[in-house]
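Okay, so here's the structure we're looking at.
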Amino acid sequence: MSQANELYQQVILDHNRNPRNYREMPGATHVCHGHNPLCGDNITVYAKVGPNDVIEDLSFQGNGCAISKASASLMTTQLKGKPIAEARALFGEFHEMVKGNLDPETQPNHLGKLKLFEGVKEYSSRIKCATLSWHALIGGPRCRESPVFPSRSGGAFPPS
Amino acid sequence: MSQANELYQQVILDHNRNPRNYREMPGATHVCHGHNPLCGDNITVYAKVGPNDVIEDLSFQGNGCAISKASASLMTTQLKGKPIAEARALFGEFHEMVKGNLDPETQPNHLGKLKLFEGVKEYSSRIKCATLSWHALIGGPRCRESPVFPSRSGGAFPPS
Amino acid sequence: MTPSYLDIKSQFPVLTKAPAPGQPPLVYLDTAATAQKPKAVLDAMDQFYRESYGTVRRGVYRLSEKATAAYEGTRKKVAALLGAASEKEIIYTRGATDGLNLVAASYGGSQLKAGDEIILSQLEHHANIVPWQLVAEKTGAAIRVIPCDDRGVLDLEAYRALLTSGKVKIVAVGHVSNALGTINPIREMADLAHAAGAVIVVDGAQGISHMPVDVRALGADFYAFSSHKMFGPTGVGILYGRYELLEKMPPYQGGGDMIRQVTFEKTTYQNPPHRFEAGTPSIAEVVGLGAAVDWLQSVGLDKIQAHEHALLQYGTRLLSQIPGLTLIGTAPEKAGVLGFVLEGIHPHDIGTMLDMDGIAIRAGHHCAQPVMARFNVPATARASLGPYNTEADLDALAAGIRKIQGMFK
Amino acid sequence: MTPSYLDIKSQFPVLTKAPAPGQPPLVYLDTAATAQKPKAVLDAMDQFYRESYGTVRRGVYRLSEKATAAYEGTRKKVAALLGAASEKEIIYTRGATDGLNLVAASYGGSQLKAGDEIILSQLEHHANIVPWQLVAEKTGAAIRVIPCDDRGVLDLEAYRALLTSGKVKIVAVGHVSNALGTINPIREMADLAHAAGAVIVVDGAQGISHMPVDVRALGADFYAFSSHKMFGPTGVGILYGRYELLEKMPPYQGGGDMIRQVTFEKTTYQNPPHRFEAGTPSIAEVVGLGAAVDWLQSVGLDKIQAHEHALLQYGTRLLSQIPGLTLIGTAPEKAGVLGFVLEGIHPHDIGTMLDMDGIAIRAGHHCAQPVMARFNVPATARASLGPYNTEADLDALAAGIRKIQGMFK
Ligand SMILES: Cc1ncc(COP(=O)(O)O)c(C=O)c1O
Ligand SMILES: Cc1ncc(COP(=O)(O)O)c(C=O)c1O
């Protein structure tokens with residue numbers, strides 16, 4: 001069974017079926033909409049950030065494929081309670097993994113359950129699905145106007 | 001030796017060196033300029049047509065490659081004294097031969113010395129050289145504005 | 001197989017090569033995106049490059065003459081395939097998109113003025129929308145759209161009504177919808193367009209290799225398509241245009257081979273088709289396209305049409321029996337396209353999961369976002385047929401879909 | 001062969017195949033028109049078509065993923081070859097002509113206004129003249145021309161003078177003249193253009209595969225070339241553009257893959273490079289181009305340059321010894337182009353007669369009619385060099401010329 005075959009595992013299918021933290025958040029300090037016109041994925045991410053830059057609450061709502069929904073769901077469970085800086089770092093690792101540049105088995109990382117998405121690297125067109133909610137939160141081309149936490153990457157070329 | 005190798009024979013080289021009827025014609029009834037911008041060939045054909053549509057005199061002047069010059073020279077020697085209708089028919093045969101559609105060895109024709117140009121069919125880009133003076137005389141795309149004897153082919157598409 | 005089916009898969013190297021160890025064999029159901037190539041086409045191109053490659057229309061040596069003969073030969077073959085009046089009506093382009101941009105910019109750009117109207121249909125591919133938007137913006141022309149019904153059939157009454165404005169100069173419509181499979185009634189639409197004083201531009205990208213096409217019988221003023229969807233190579237396509245219209249069109253791109261004479265003060269241009277072919281063309285690709293036309297003619301477009309029609313009926317039956325599956329695109333006149341959605345499963349997941357079983361379909365908006373909007377879906381899954389497909393391919397598709405449904409339950 | 005020469009002819013099938021019975025072997029001296037292809041390039045394309053052909057950027061299946069990876073991989077290779085800052089500065093086109101038309105229409109069309117000036121040079125190929133004439137006509141901009149001297153060297157004083165008008169927005173100039181071989185001082189010309197507030201567009205068609213090219217070291221804002229002249233397939237080319245400039249340019253063609261979102265009311269576009277790549281691209285050709293870049297890198301552009309330079313010197317010596325032969329194009333900085341005329345013999349006759357001895361050169365105006373006008377010749381004969389040529393090829397050329405002179409005597 002190839003890695004790709006492992007992509008649609010029970011955990012991912014379960015998060016798709018029963019997404020965690022799937023709700024609006026009335027008192028959110030940040031709200032961002034992520035949209036992938038290529039496949040019509042639409043996701044809104046809500047965050048409540050505390051005084052010392054800690055993500056006190058994180059939720060999402062929207063439509064999308066199983067990959068984008070499960071990824072959003074797992075993102076909320078993994079980042080809640082973490083400082084923004086740590087969220088940013090984790091996204092960096094996640095992004096490198098799905099692009100095929102970080103092998104979670106052999107290279108040090110803090111990905112934990114997020115390793116489930118490694119199979120995405122076989123399908124470059126699905127990377128956008130897996131990172132849609134993350135880009136909405138952290139910033140990037142999928143949510144260039146108003147990410148929750150603007151990307152610091154900057155530079156001459158938009159990150160992709 | 002291939003047919004192409006036979007193209008530059010002494011007769012052609014001789015007509016290039018010493019073109020026949022190479023002169024202006026003060027009393028010409030028809031004058032037409034033929035120009036091939038692709039190679040810069042420039043030829044002016046002069047004709048004096050008598051009362052019963054007979055070509056009483058025919059001459060040319062201009063610059064061009066050996067093929068276009070020899071062809072013009074041979075054209076003048078072959079057509080002088082002939083009725084226009086016959087000139088037209090001969091051009092038809094000549095044109096088909098250089099396009100490779102008429103085999104002068106096996107198909108009936110009146111080409112005579114003009115057979116020397118058969119090798120042109122191997123070089124489609126040279127067809128225009130071989131037919132430049134003829135088009136000036138008889139009409140065709142190389143001299144669409146003012147051929148001596150306008151082409152009757154007409155139709156939806158310019159002849160080529 | 002029953003007599004209505006062809007048996008030609010073996011001619012296609014990609015479809016018959018042994019899969020990598022541990023991988024399932026390939027079931028290719030994405031011909032509407034791009035067609036696989038028969039060996040005859042690949043051999044023709046490879047041999048051309050290895051034995052007689054040279055530039056065309058410029059050389060005075062025989063290598064170039066040979067290349068030119070092969071290159072111009074394709075023009076005649078394509079003219080014959082389309083029933084064009086002359087090979088001078090055949091313009092080599094980069095593909096359907098390039099051809100449609102050429103017509104929009106050159107014909108549209110020179111003929112349209114502010115207040116004029118362009119009619120498109122709801123079913124169009126972006127390639128037959130965006131070029132018209134660009135020229136509409138430049139000229140001040142307006143775009144009007146023919147709606148379609150729930151099956152994906154164009155509303156001809158609405159079309160007639162749009163034509164009564166008296167301002168319509170161009171109707172641009174697809175022969176076959178790539179997202180739904182609908183075959184549009186081009187002849188009837190052309191007659192109506194002509195009666196209203198408009199020309200009709202047909203996007204033939206999905207028409208040409210799936211049925212016999214006669215541009216004059218269709219009444220098409222322009223007909224654009226890509227080689228890569230008709231079993232030829234990428235990098236080349238054809239724009240057919242009625243000579244009378246081509247003759248009055250200004251050049252599209254400038255460069256070598258499309259000029260008569262260049263000075264810095266004034267440049268004059270060739271007649272069509274060369275006026276529209278600037279620069280060194282896609283020489284080897286045109287040679288490959290010629291081989292593809294030969295191949296199509298040898299198989300027979302009527303046979304291909306019958307084969308794909310039989311498969312379409314078979315596949316429609318199979319898919320209709322799957323609970324939770326909705327076919328998108330159910331026009332009575334339909335080519336080999338099976339668009340569908342599954343309840344509760346996103347089309348992209350269907351595409352990726354079918355791929356794990358070796359089944360290549362396409363999922364997405366198929367460059368036809370207005371169609372997605374019309375059917376109120378973000379995307380569809382689409383299996384599309386070619387002459388090399390078999391009933392077994394569709395059986396695999398149906399089995400794959402059921403397996404996915406099981407996993408998602 | 002001496003150490004400055006390469007020995008790679010054996011890698012080129014066309015150049016090594018046995019001639020037909022009774023025919024002389026091929027001596028190919030027309031690389032400036034189009035280059036022959038090494039086996040590595042042909043194999044890469046053929047294998048791609050036979051094993052992993054699929055559409056790119058659209059599929060959700062692995063065949064398409066593989067194709068996309070190969071396709072996008074070439075972009076990185078080309079960026080590295082050119083020293084571009086990012087592969088996002090690399091746009092796939094149909095060729096140099098297409099790329100120059102793209103810049104002229106999109107950058108020129110959006111940035112030029114009436115009264116602005118475009119500077120070209122007397123040495124330009126029609127592909128770097130006509131697109132500017134078309135956009136000048138549309139925008140009301142004027143074209144100014146840098147003259148050259150009797151050797152074919154551009155007059156930089158005249159260039160400086162032209163720049164003082166304060167109205168120059170664009171300088172468009174060839175890297176290497178295809179008719180004369182002159183290598184233009186791009187770095188210096190770019191600095192002058194930039195100081196005057198203009199951008200510089202470089203026609204790199206004859207530059208790219210004959211010498212190392214670093215677009216940033218050259219100061220080129222745009223650099224356009226064709227795959228077929230750099231040992232890759234026909235049907236594809238590259239336009240390099242500085243990202244900052246690309247970003248502000250409007251789309252050139254409309255269609256699939258260049259859009260972000262399409263509705264009939266409003267369409268939004270992708271970022272560069274995709275904004276400029278409408279429709280299914282030249283997929284297999286891009287794969288072939290990638291193989292050509294690999295091949296060039298493996299041979300080494302410095303070695304190719306040295307090889308061709310040594311051959312140029314050898315050939316110049318040989319031809320200079322032929323009475324009645326005049327070299328056209330004698331710039332001190334010169335690439336492997338030997339343009340000449342023979343007293344009393346038309347270039348077209350030279351071309352055809354040399355072909356009878358198997359020697360392929362080009363005769364004509366080389367799509368550079370203004371150069372012909374400058375040197376007051378209707379046409380020239382041109383032998384042009386590639387890395388596969390040898391001293392023996394030039395010996396054959398010289399012998400062929402002497403033979404013709406004998407026949408014409
Ligand atoms: C200097 C120069 N510019 C532009 C071109 C045009 O290249 P292409 O015909 O491949 O578009 C050529 C080749 O013909 C050339 O030599
Ligand atoms: C209906 C239709 N029109 C136009 C196109 C564009 O063709 P290409 O991308 O080959 O230019 C396509 C294919 O994508 C299509 O299906």
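Worth knowing before you read on, the calculation uses all heavy atoms, side chains too, and leaves out hydrogens, waters and symmetry mates.
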Is it the side chain or the backbone of D:T31 that comes within 4.5 Å of chain C heavy atoms, both, or neither?
neither
Scored by heavy-atom pairs under 4.5 Å with chain C, the best of D:A127, D:A96, D:A360, D:A35 is D:A360
Given a strict heavy-atom distance threshold of 4.5 Å, which part of C:A284 is in contact with chain D: side chain, backbone, both, or neither?
both
Check whether more than 12 heavy atoms from other residues, nucleotides or ligands sit under 6.0 Å from atom CD of C:Q261, and answer yes or no.
yes
Region of D:A278 in contact with chain C, defined by heavy-atom distances below 4.5 Å
both
For C:P347, which atoms come within 4.5 Å of any heavy atom of chain D: side chain, backbone, both, or neither?
neither
Between atom CZ of C:R362 and atom OG of D:S64, what is the distance when rounded to the nearest 0.5 Å?
8.5 Å
Contacting region of D:P250 [heavy-atom separation from chain C under 4.5 Å]
neither
Side chain, backbone, both or neither: which part of D:E124 has a non-hydrogen atom closer than 4.5 Å to chain C?
neither
Does either side chain, that of C:Y53 or that of D:T234, offer a donor lying less than 3.5 Å from an acceptor on the other one?
no
Work out which heavy atom in D:G254 is nearest to a heavy atom in C:P131; give both atom names and the distance.
O-CG, 3.6 Å
Give a yes or no answer on whether the side chain of D:Q133 reaches the backbone of C:T263 with a donor-acceptor pair at less than 3.5 Å.
yes
Under 4.5 Å from a heavy atom of chain C, the part of D:L26 involved:
side chain
Considering only heavy atoms from C-beta outward, does the side chain of C:K17 approach that of D:R50 to under 4.5 Å?
no
Which atoms of D:L120 approach chain C - backbone, side chain, both or neither, heavy atom under 4.5 Å
side chain
Let me confirm one number: the OG1-CD1 distance from C:T267 to D:I129, rounded to the nearest 0.5 Å.
7.0 Å
Taking all non-hydrogen atoms of both residues, which atom of C:S282 and which atom of D:G235 are closest, and how far apart?
OG-CA, 3.3 Å
Enter the distance from C:D46:CG to D:K37:NZ here, rounded to the nearest 0.5 Å.
13.0 Å
Do D:M45 and C:Y49 come within less than 4.5 Å of each other through their side chains, counting heavy atoms only?
yes
Which of these passes side chain to side chain contact (heavy atoms under 4.5 Å, CB included) with C:V262: D:H365, D:M372, D:H125, D:Q369?
D:Q369
Chain C contacts, top residue of D:S52, D:P233, D:G95 (heavy-atom pairs, under 4.5 Å)
D:P233
Exercise: do C:Q253 and D:T97 side chains pair donor with acceptor under 3.5 Å
no
Does some side-chain heavy atom of C:T280 sit less than 4.5 Å from a side-chain heavy atom of D:R94?
no
Tell me, for D:D98 versus chain C, whether the close heavy atoms (under 4.5 Å) come from the side chain, the backbone, both or neither.
both
Non-hydrogen atoms of D:F264 and C:P370 that approach each other most closely:
CE1-CB, 3.5 Å
Taking the side chain as everything from C-beta on, heavy atoms only, tell me whether D:E51 gets closer than 4.5 Å to C:P13.
no
Counting only heavy atoms closer than 4.5 Å, note whether D:L42 contacts chain C via side chain, backbone, both or neither.
both
Heavy-atom contact with chain C under 4.5 Å, split by part of D:I283
both
Measure distances from C:D43 to the heavy atoms of chain D and classify the residue's part below 4.5 Å as side chain, backbone, both or neither.
both
When the 4.5 angstrom heavy-atom criterion is applied to D:A105 and chain C, the contacting part is neither
Heavy atoms only: give me the nearest C:C367-D:G256 pair and the separation to one decimal.
SG-CA, 3.8 Å
Bottom line for D:Y252: the part with an atom under 4.5 Å from chain C's heavy atoms is both
Among the listed options C:L63, C:I350, C:V236, the residue most often paired with chain D at heavy-atom distances under 4.5 Å
C:L63
Select, from C:N101, C:V130, C:T34, the one with the greatest count of heavy-atom pairs under 4.5 Å involving chain D.
C:N101
Please tell me if the side chains of C:R62 and D:Q23 come closer than 4.5 Å, counting only heavy atoms from C-beta onward.
yes
Measure distances from D:V145 to the heavy atoms of chain C and classify the residue's part below 4.5 Å as side chain, backbone, both or neither.
side chain
